[in-house]
> 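Take this structure first; my questions come after.
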There are 2 protein chains.
Amino acid sequence: MNAPTGSEVYLPRGRRARKPSGDDRERDILITAERLLEHRSLHDISVDDLARGAGISRPTFYFYFPSKEAVVLSLLDRVVEEARANRAAALERAGDDAWEIWRDGLRAIHDTFRSHKALSRTAAQLFAENPEVRSVWSVVMEGFVGDTVAGIESERARGAAPDGPPARELAIALNWMNERVFLASFTGQDPSIDEERVLDTLLTIWSRAIYAEDRLAGA
Amino acid sequence: MNAPTGSEVYLPRGRRARKPSGDDRERDILITAERLLEHRSLHDISVDDLARGAGISRPTFYFYFPSKEAVVLSLLDRVVEEARANRAAALERAGDDAWEIWRDGLRAIHDTFRSHKALSRTAAQLFAENPEVRSVWSVVMEGFVGDTVAGIESERARGAAPDGPPARELAIALNWMNERVFLASFTGQDPSIDEERVLDTLLTIWSRAIYAEDRLAGA
DNA sequence: TGACTCAGTCAACACTATGTTGATAGCTTG
DNA sequence: CAAGCTATCAACATAGTGTTGACTGAGTCA
């Protein structure tokens with residue numbers, strides 16, 4: 001069924017797609033990149049490393065991607081798509097209690113990026129220096145923020161959550177908090193963060209920030 | 001009085017300090033760097049740009065700093081010192097209510113980095129790619145986190161704050177949230193963040209996360 | 001079947017930036 | 001005034017990026 005995973009979103013930059021062996025090489029480059037990123041930063045990986053890893057020469061690399069940053073961007077698109085899909089699946093299974101929806105949605109996103117730590121770390125770094133990555137990630141965050149705002153406003157409307165700061169500012173702060181703390185946990189940056197428990201702590205903060213009281217945070 | 005601002009912390013990498021004209025040049029390089037960073041990223045500034053800006057040749061630059069990253073590190077050390085000093089001064093003025101202490105301390109830190117936006121942005125980026133910057137910033141964050149933990153625990157001990165997640169995890173999440181949201185506000189990344197009001201929103205989240213209720217967040 | 005096209009490939013080149021060497025010019029100090 | 005240190009830079013070596021132009025081989029179709 002030709003797996004329409006939604007990665008059509010990613011338009012194959014620099015490649016006039018179609019033929020057989022070419023797609024394999026493109027895939028080899030992506031795999032090589034994610035593998036090498038486990039052990040060094042993008043800066044410490046040369047285009048030559050990626051090319052050799054995929055069994056081609058450096059100029060040939062440029063036939064497939066315009067730069068090594070574009071490779072990361074392509075990987076990021078795929079993982080973002082995976083996160084969306086996992087979140088949708090989780091919400092499918094969740095009940096219709098607003099709190100349960102947040103909890104399971106956040107867990108799905110966390111777990112997806114957690115299974116691509118190296119890429120997450122790299123994307124966070126490129127966010128600062130690469131406009132395209134910044135743009136992709138801003139759209140992703142905006143999606144999360146928008147959902148959060150809608151959730152907060154509907155909870156406030158039905159009297160379940162008290163008033164407070166503008167829903168949008170609250171949502172921005174909470175979502176960026178998650179992003180940053182997930183990353184710190186993935187990179188083992190602070191050894192006192194328990195990778196298994198971070199999410200519960202963050203959920204408690206969400207609960208208190210939105211409801212000014214504790215909801216059930218456990219699984 | 002020879003201004004012992006505390007920047008002794010920064011050991012003059014690569015420079016056998018003492019004589020006259022040399023200190024001027026070092027200062028010129030630092031000033032040039034902070035000026036150029038207002039308009040482009042560190043990556044887009046070459047060592048040659050810094051050297052010319054300070055009126056010297058590229059090799060001479062290396063007499064003063066081992067790399068352009070070292071220049072940023074030096075600037076960062078200074079701003080961190082400034083933040084510490086401003087925070088200490090603010091706490092001097094504050095009463096002894098725990099909440100007031102947090103509010104004024106956070107405001108001092110926010111204002112300091114806000115007056116060095118370009119450097120803050122650059123440091124955040126270098127955090128990901130440069131071990132020395134990561135180390136400096138980790139120490140700074142650890143200071144904030146440690147203070148926050150102490151505050152939370154003392155509030156819990158005297159019954160002013162309810163139980164909840166481990167104080168340290170809570171403190172880490174709240175402090176990283178601030179770091180990330182300050183940065184987003186400085187870079188104008190999300191136009192819906194009101195640079196004047198962010199701090200109040202963050203303070204409300206701190207209040208609810210720690211006390212599970214609202215304290216006075218206004219000035 | 002033979003001329004044409006086109007994805008795929010790479011050696012060689014041009015360019016840019018970093019960091020190093022070695023030589024030199026000028027204080028300043030005993 | 002010679003020894004020693006600070007400060008300086010032309011020239012070099014190196015590493016990485018991105019581009020050009022030419023070659024190959026598989027499919028196409030007149």
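Within every chain, numbering begins at 1; the chains are lettered A, B, ... in the order of the sequence lines, protein sequences first and strands thereafter. Quantities reported herein were computed from a predicted structural model and do not represent experimental measurements. Because only heavy atoms are used, hydrogens play no part in the values below, and waters and symmetry mates are left out as well, while side chains stay in.
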> Check the distance between D:dT6's P and B:D24's CG and give it to me in whole angstrom.
16 Å

> Sugar-phosphate atoms are those with a prime plus P, OP1 and OP2; base atoms are the rest. Using that split, label each nucleotide of nucleotides 15-27 of chain C B, S or - for protein heavy atoms under 4.0 Å, 5' to 3'.
---BBB-------

> Provide, to the nearest angstrom, the distance between the NE2 atom belonging to A:H43 and the C1' atom belonging to D:dG16.
9 Å

> For B:K117 and B:E38, run salt bridge (Lys or Arg N to Asp or Glu O under 4.0 Å): C-alpha distance rounded to whole Å, both residues' side-chain angles, the deciding distance at 0.1 Å, then the answer.
CA-CA 8 Å; B:K117 291 182 189 182; B:E38 305 285 348; over 6 Å; no

> Using only side-chain N and O atoms of A:T60, determine if any of them is under 4.0 Å from OP1 or OP2 of C:dC10.
yes

> Nearest-Å distance, OH (A:Y64) to C1' (C:dT9)?
9 Å

> Quick one: B:F65 CZ to D:dT8 P, roughly how many Å, whole number?
13 Å

> C:dG8 P sits how many Å from A:I29 CD1, rounded?
11 Å

> Which of these passes side chain to side chain contact (heavy atoms under 4.5 Å, CB included) with B:I101: B:L91, B:D147, B:L106?
B:L91

> Let me know the distance between CZ of A:F63 and P of D:dA22, rounded to the nearest Å.
18 Å

> Report the C-alpha distance between B:D49 and B:R40 in whole Å, list the side-chain angles of each, state the deciding distance to 0.1 Å, and finish with yes or no for salt bridge (Lys or Arg N to Asp or Glu O under 4.0 Å).
CA-CA 12 Å; B:D49 293 331; B:R40 5 180 197 154; 3.2 Å; yes

> Just to verify, what does B:D194 make a salt bridge (charged side-chain N to carboxylate O under 4.0 Å, His left out) with, not counting sequence neighbours?
B:R197

> Mind checking what makes ring pair (Phe, Tyr, Trp, His ring centres under 6.0 Å) contact with B:H110, not counting sequence neighbours?
B:F182, B:F186

> Can you check whether B:W137 and B:F113 have ring centres sitting under 6.0 Å from each other?
yes

